[in-house]
Amino acid sequence: MGEHSPAPTPERAIYGFVLYLTAWVCLGLYLIWAYVPDSWLHAAGLTYWPQKYWAVAAPTYLCAAVVFGIVFYVAHNFRITKPLASIHTITDEHSRRWPCIGLPDGEAIPPIGDIHISDVNKILYDTFQGNEDD
């Protein structure tokens with residue numbers, strides 16, 4: 001088995017189980033910190049806890065950061081996308097013309113290729129020329 005194989009190994013199983021247990025312990029500590037009164041925690045000798053404000057604020061900030069990250073990701077993709085009038089949205093150096101002849105018969109999967117913009121326009125708009133009177 002290769003060194004970087006994604007196959008399960010005993011080491012990965014152990015690491016996964018330890019991570020699973022650690023996550024449950026952290027959740028338990030968080031819930032204890034969030035719901036147990038400060039006087040009980042101080043009586044148990046646990047005095048170095050953050051303020052209870054952070055029990056609500058930290059998850060709220062985390063959720064807001066995730067939403068901001070998703071919005072930023074989408075906005076960034078919109079920003080780096082070429083405009084529709086750009087020649088780069090039609091063809092580039094990696095374009096491979098889709099073969100119109102020699103297509104497989106029946107249920108076979110057609111070969112991969114880029115459909116030229118004139119073929120797309122013909123398929124989309126030539127079918128409506130006969131229905132102009134309707």
Side-chain angles (χ1 to χ4, degrees):
M1 192 177 319
E3 181 180 330
H4 298 289
S5 171
T9 61
E11 293 84 15
R12 287 186 184 162
I14 292 169
Y15 291 149
F17 184 66
V18 169
L19 183 64
Y20 173 79
L21 290 179
T22 304
W24 277 107
V25 168
C26 289
L27 177 65
L29 288 174
Y30 170 76
L31 292 176
I32 289 171
W33 166 59
Y35 289 110
V36 174
D38 280 334
S39 59
W40 291 14
L41 293 174
H42 289 283
L46 303 172
T47 58
Y48 293 100
W49 293 86
Q51 294 177 355
K52 297 287 184 176
Y53 164 80
W54 292 105
V56 175
T60 304
Y61 290 157
L62 182 65
C63 290
V66 167
V67 169
F68 175 75
I70 292 170
V71 169
F72 178 77
Y73 178 75
V74 171
H76 178 67
N77 281 330
F78 279 140
R79 191 181 69 75
I80 65 171
T81 301
K82 301 285 185 188
L84 291 176
S86 172
I87 191 70
H88 298 293
T89 59
I90 300 172
T91 58
D92 63 0
E93 66 271 6
H94 302 290
S95 296
R96 199 172 105 192
R97 185 77 188 246
W98 190 61
C100 295
I101 57 171
L103 295 177
D105 296 329
E107 297 292 322
I109 298 173
I112 294 177
D114 296 320
I115 302 174
H116 196 268
I117 192 69
S118 62
D119 295 333
V120 171
N121 287 336
K122 183 185 284 186
I123 292 169
L124 289 177
Y125 302 115
D126 276 355
T127 58
F128 295 112
Q129 285 183 357
N131 297 334
E132 290 179 5
D133 297 332
D134 294 339

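Everything numeric here is computed off the predicted structure, so don't read it as measured data.
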Visitor: Do other residues, nucleotides or ligands put more than 12 heavy atoms under 6.0 Å from the NZ atom of Lys82?
Guide: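 Incorrect, the count does not exceed 12.
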Visitor: Cut-off 3.5 Å, no hydrogens considered: what does the side-chain donor-acceptor table look like for residues 41-50, sequence neighbours left out?
Guide:
none

Visitor: What pairs meet the side-chain hydrogen bond (donor to acceptor under 3.5 Å, both in side chains) rule with one or both residues in residues 27-38, with sequence neighbours excluded?
Guide: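 The answer is none; no pair qualifies.
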Visitor: Output a table of donor-acceptor pairs, distance under 3.5 Å, between side-chain atoms of residues 54-79 and any protein atom two or more places apart or on a different chain; print 'none' if there are none.
Guide:
residue, atom, partner, partner atom, Å
Thr60, OG1, Val56, O, 2.7
Tyr61, OH, Tyr53, OH, 3.1
Asn77, ND2, Tyr73, O, 3.4

Visitor: Just grab all the salt bridge (charged side-chain N to carboxylate O under 4.0 Å, His left out) pairs involving residues 55-65, residues at least two apart or on different chains.
Guide: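 Every pair satisfying salt bridge (charged side-chain N to carboxylate O under 4.0 Å, His left out) with a residue in residues 55-65: there are none.
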Visitor: Considering only residues two or more places apart or on different chains, which pairs with a residue in residues 12-26 satisfy side-chain hydrogen bond (donor to acceptor under 3.5 Å, both in side chains)?
Guide: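 Qualifying pairs, neighbours excluded: Tyr20-Trp24.
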Visitor: Under the rule for side-chain contact (heavy atoms from CB on, under 4.5 Å), what residues qualify as partners of Pro37, not counting sequence neighbours?
Guide: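 For Pro37, the residues satisfying side-chain contact (heavy atoms from CB on, under 4.5 Å) (neighbours in sequence not counted) are Ser39, Trp40.
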Visitor: To the nearest 0.5 Å, how far apart are CG in Leu19 and CD1 in Ile14?
Guide: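 Between Leu19 CG and Ile14 CD1, I get 13.5 Å after rounding to 0.5 Å.
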